[in-house]
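Have a look at the structure below, then the notes.
Just so we're on the same page: letters track the sequence lines, and every chain starts at 1.
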Amino acid sequence: MADVTPVLEARGIVKRFGGVTALRSVDMALYRGEIAALVGDNGAGKSTLLKIFSGVYAPDAGAIHIEGQGARIDSPQRAMQLGISTVFQDLALVNERDVAHNMFLGREPCRFAFFVDRRRMLREARETITALRVDLPTVRAKVEGLSGGQRQAIAVARAWQQGGLITLLDEPTAALGVREAARVTDLMKTLRAENHALLLISHNLESVFGLADRIVVLRHGAKIADLRTSETSQHEVVSLLTSGMTSG
Amino acid sequence: MVGAAVTAPADVTRPLTVILRELLLTRQAAMTVVAIVLFIFFSTQANNFFTLRNLLDILRATAFIGIVAVAWTYVLIAGELDLSVGSAYGLGTILMGWLVVSMALNPWQAAGVVMVYGVLVGLVNGIITVYIGVRAFVVTLGTLSFLRGAAMALSGNFPYSYPRGLESSLFPLGGGSLGVIPAPAVWFLAVLIVGGIVLRHTKFGYWVYATGGNELAAREMGIPTQRIKLAAFMIVGVSCALIAILQVAWLRSATPNTGSGFELQVIGSVLIGGAALTGGDGNVYGTFIGATILGMVTNGLVLLGFPPASGLLASGAIIVVAGIIDVILRRAGGTVRARRGVIDEVSEGDSRVGYDSISKEET
């Protein structure tokens, strides 16, 4: 069950790009042990909000609190320090490098100050893959040789491995077949079971209803609904995100 | 199901047979074979190829190219290019001449200034490419021209010569030898070892590969890709300054068109060595083999009686052949990977047929 106090709380988030207001004073909270889904039509502001939480964008107004403390998420690095891991839509994987390096991209473990501890990297990558039951024969494989599902799984496993509190996922199953998508959603459920807070963006309402505990609906940059999945229906959500009204 | 049965320790330590097989299917292995074949060929076919004097000449020539080529490897892997290396080298030698002959600095002081000059060249190329955003090809083409022009203007198109009686402890660093090994070759060895270790084993090296492999991904993971690229440009600049200093220390003179065409040999070495033109792939050993091949071919063809221009012809041909070998190896590598079952998702239900179902059978 989800905790009562939010691990992340955002209030009054505003974001403008030139003359366009992408987000209009959005309030949102994330709770540990809960999967929240951010849904909305194209241009509703979902990606923008996620990128603000992951440190890629800075909001023009509004405040964010993490575990009760005010936080400024200035950069992806800072987000990671604050315990936020992001699985970007492009997965942020380097094709020519192996799984082990990709799992530690940007935070490679070192010995003697700047020598990469490759053994440790291989060992810990293998341990993570095994613990999450990701189907991968070897962590020495170059990422470019892997299937879409494996790549996505590695990106999610990396987020788990970073050991934070919050994992953000931008369309994690969009390009995957049914079986592969199931593996990735299993990973997300594992993360939830370990008391992570997850926020995912998805176009696929059916999978959202199968996975998320809470659904937040954005429309034209504003939050118009924040519903427990069990208390709503696909029909109602579709209605909300297209017309802003419930079952019209 | 595939994957469940693989044991953890196999990932960290592997049997020698696996390591060897993976090593041998690389471009670098193929090029090593080519280098050995060429060596044997020239040794048996060309008079005076296999003499100590000639081999040391090849070594010295290769060293000058190789020192810059190692640095260039960093730039290429990081996803950039630098066409200005020949001109940077040339102007560096002219500066060594001018500072000592016209400005009455002693050779060590001149060397210090030239080193700073090298850093500055790298800085300029780097800042305009990375921070202002002009393509490296364009920027370094510009600096190629600019620096060559500066060398000609500064020297009035005349060579510099150090006064006959001038002595300096700097000179043996470029012109002396360690036993029979010429000094530049010793420097080359040092650059190979340090450059190779840093690229392969340090965090900086890993970040160079990440930056060139997928800059967006690297940035999303917090890697300072702009600083990495800037550092790579500066490393190249310093390498050009270094060989300029060594050259003038050795010859005690400088001519304004030193280094013309040098960039082709540097780039050729790196490409023959297997570094991908698109970045993200390659290594220092490959560059070493590439430089060696070019050095042997240029030298050997002359000894066989061909006109000096044949070196250029042959280098060009080798670069293209190496590129073709690369394509062949990539396709072969893809098949090996499929056989090892790395591409799973083949079974039960996924809609990919043909190639994948074949590889499944072979697992």
Side chain from CB out, backbone as N, CA, C, O: work out which of these in A:Gln162 comes under 4.5 Å of a heavy atom of chain B, or both, or neither.
side chain

Non-hydrogen atoms of chain A under 4.5 Å away: do they reach the side chain of B:Arg219, the backbone, both or neither?
backbone

Looking only at heavy atoms, which two atoms of B:Gly222 and A:Gln77 are closest? And how far apart?
CA-OE1, 2.8 Å

Between the main-chain N or O of B:Leu83 and the side-chain N or O of B:Thr140, is there a donor-acceptor pair closer than 3.5 Å?
yes

Would you mind checking which part of A:Arg158 comes under 4.5 Å of any heavy atom in chain B, side chain (CB onward), backbone (N, CA, C, O), both or neither?
side chain

Pick from A:Asn95, A:Leu93, A:Val56: which one has the most heavy-atom pairs with chain B under 4.5 Å?
A:Leu93

Taking the basic N atoms (NZ, or NE/NH1/NH2) and the acidic carboxylate oxygens, is any pair closer than 4.0 Å for A:Asp98 and A:Arg118?
yes

Winner by heavy-atom pair count (cut-off under 4.5 Å) against chain B, out of A:Val134, A:Val116, A:Val94
A:Val116

Looking at chain A, which one of B:Ala217, B:Ala218, B:Pro224 has the largest number of heavy-atom pairs inside 4.5 Å, strictly under?
B:Ala217

Measuring heavy-atom distances to chain B, does A:Phe88 have an atom under 4.5 Å in its side chain, in its backbone, in both, or in neither?
side chain

Check the angle between the aromatic planes of B:Tyr285 and B:Phe288 and answer parallel, tilted or perpendicular using the 30° and 60° thresholds.
tilted

Cation-pi check, A:Lys15 onto A:Phe17 ring (under 6.0 Å, within 45° of axis):
yes

Test your reading of the model: is there a side-chain donor-acceptor pair from A:Glu108 to the backbone of B:Tyr206, 3.5 Å cut-off?
no

Go through the atoms of A:Arg123 and report whether side chain, backbone, both or neither lie under 4.5 Å from a heavy atom of chain B.
both

